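Counting starts at 1 for both ligands and their atoms, in listed order. Everything numeric in this text was worked out from a predicted model, so none of it was measured. The basis for the numbers below is simple: all heavy atoms, side chains too, and nothing from hydrogens, waters or symmetry mates.
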Amino acid sequence: MTTLAGLTDALRAGALPDGTSLASLGERMHARVAELYPLPRSLTGPGVRATLDLLGESLAGSATIERHEVPTGTRAHDWTITDEWTLRRAWLTDTSTGDVVVDTDVHTLHVVGYSTPVRATLSRDDLLPHLHTLPEAPDAIPYRTSYYHRTWGFCLTQRQLDGLGEGPFEVVVDADLGPGHMTYGEVLLPATVPPPEGEEAGEVLLSAHLCHPSLANDNLSGLVLVTELVRLLAGVPRRHAYRVVMAPGTVGAVLWLSRNADVLPRIRHGLVLTGLGGPGHLVYKRTRRGDRGVDAAVGHVVRRRGGEVRDYSPWGYDERQYNALGFDLPVGRLSRTPHNEYPEYHTSHDDLAHVTPAELTDALVALVEVVDVLENDGRPRNLAPYGEPQLGTRGIYPTTGGRAASDAVMAMLWTLAYADGDTSLLEVAARADLDFADIRTAAATLSGADLLDGLG
Ligand code: ZN
């Protein structure tokens, strides 16, 4: 059986242990984004369930998604679960010409999320206040919702609005808005390596929001990546349990938190995953405290991959729920260019061309590297601390020359130099300016030659 270290090293070398290339892994994830893209997701409703169905199918054989249906009206801390919205179709027709102006069968963004049901014929003047465009991006349809203020509306491109006829207009929002349920999904991969006597296995929380309709980066990228990560982790031994929450943004995360008070003390590390398939380097947003294990682990991986680390702020995605004072969980956020900083954000231009197989794969490898740190970091002790031990006589000095060999030697020397039983391998990697995997490999080699102990 492959280990996580073996999986990480294989991915770093360009393929899965079974030989699947990174390119076909990327294509597979992108195809899944494409499958999910047209589903009419919202805070609640059939699009959310269909999304969980498809993600569940791609997990078949590895894990199952447990689906939770919580009745509307349920309290969750300061929130109340709002009515369920079931959209069948919404369209707008110019009756003078018969032209269909917009239709949600063409694009799910054409209706304001949570629009109240309506069937009416309106004059142009009465219709206009219900239309939303982006004048600064005249070819993009904006993403708009109105979850808590009851209204209806259509979203269209500025060019469509500029070409709008005189009407009157037939408007139809064929939807139900009323009592029902809020749906979220949860995956639990249990730990497989027994914890030390008297200890409980810790959990790693991975969270991705699933309430956005046809927007690929925000957040089909997060959903597909976390699903692929679960498939990979299901095949390797694990010290931590991995718990995935796929819930509507904000209220869904608060709802999950309100129903899992017993789980929270076991969460050792966590990540919100979003916006990982578009352009730009990786951006890690620290936890509120900024000094958690996940901050060091993800910070190292992201910096080594040319990315950027930012401090916490109480705005963004569901990290602000997990980090709220009452929970204070060690949950950071991994994205590429964050929300609001790319022009395609919350528009129809966040489409299947905006996310690429290569960016998805790069993010997946980064995530596996992070998990490698979380699972395999340790604080070993040098058993031959009186001078530099002879690596050659122990058969661990690379006999083939070249730069790779000297990197391996340097990784061993750095590890021996700092293995005082107190310094972590991650700290050694940071000092040595090497990837964690290089130090982890060096430590395993040294441990095999009885030069190091204290690795788990
Ligand atoms: Zn968003």
Side-chain angles (χ1 to χ4, degrees), residues 33 36-45 47-48 51-52 55 79 82 85 87 104 107-115 132-134 136-137 140-149 153 155 182-185 206-227 245-256 271-280 282-285 310 312-323 331-355 359-360 363:
V33 171
L36 294 164
Y37 182 74
L39 298 176
R41 278 167 298 277
S42 185
L43 210 52
T44 59
V48 173
T51 298
L52 290 173
L55 290 168
W79 294 71
T82 191
W85 188 56
L87 173 73
T104 54
H107 206 298
T108 66
L109 291 180
H110 275 315
V111 69
V112 171
Y114 265 68
S115 280
H132 305 270
T133 66
L134 284 172
E136 67 278 18
I141 310 164
Y143 168 45
R144 294 280 184 273
T145 62
S146 187
Y147 296 140
Y148 299 105
H149 167 70
C155 301
M182 173 169 278
T183 312
Y184 67 88
L206 301 165
S207 178
H209 62 276
L210 85 169
C211 50
H212 288 30
S214 302
L215 296 163
N217 198 32
D218 180 18
N219 187 27
L220 295 177
S221 68
L223 291 166
V224 164
L225 272 163
V226 79
T227 305
V245 175
M246 298 167 168
T250 310
V251 60
V254 173
L255 177 63
W256 180 84
L271 270 179
V272 167
L273 302 174
T274 178
L276 285 159
L282 291 170
V283 177
Y284 175 62
K285 175 180 168 181
R310 298 188 187 179
Y312 184 77
S313 78
W315 188 241
Y317 291 95
D318 287 329
E319 67 277 8
R320 59 195 214 269
Q321 313 310 329
Y322 299 118
N323 281 275
V331 179
R333 185 188 80 201
L334 188 62
S335 66
R336 292 187 180 281
T337 308
H339 57 99
N340 253 338
E341 296 178 26
Y342 55 96
E344 298 85 356
Y345 171 70
H346 279 191
T347 78
S348 55
H349 289 173
D350 179 1
D351 59 12
L352 295 174
H354 181 61
V355 301
E359 305 293 8
L360 290 167

At less than 2.8 Å, would any N/O/S atom of His339, backbone or side chain, sit next to the Zn ion (ligand 1)? no

To the nearest 10°, how many degrees is the angle His212 NE2 to the Zn ion (ligand 1) to Asp218 OD2? 100°

Report the distance from atom CG of Leu220 to atom OG1 of Thr274, rounding to the nearest 0.5 Å. 10.0 Å

Can you check whether Ser214 reaches Tyr143 side chain to side chain, under 4.5 Å on heavy atoms? no

Restricting to N/O/S atoms, is His346 within less than 2.8 Å of the Zn ion (ligand 1) or not? yes

His346-Asn340 side chain donor-acceptor pair, cut-off 3.5 Å: no

Polar contact flag, side-chain donor to acceptor under 3.5 angstrom, Tyr147-Thr82: no

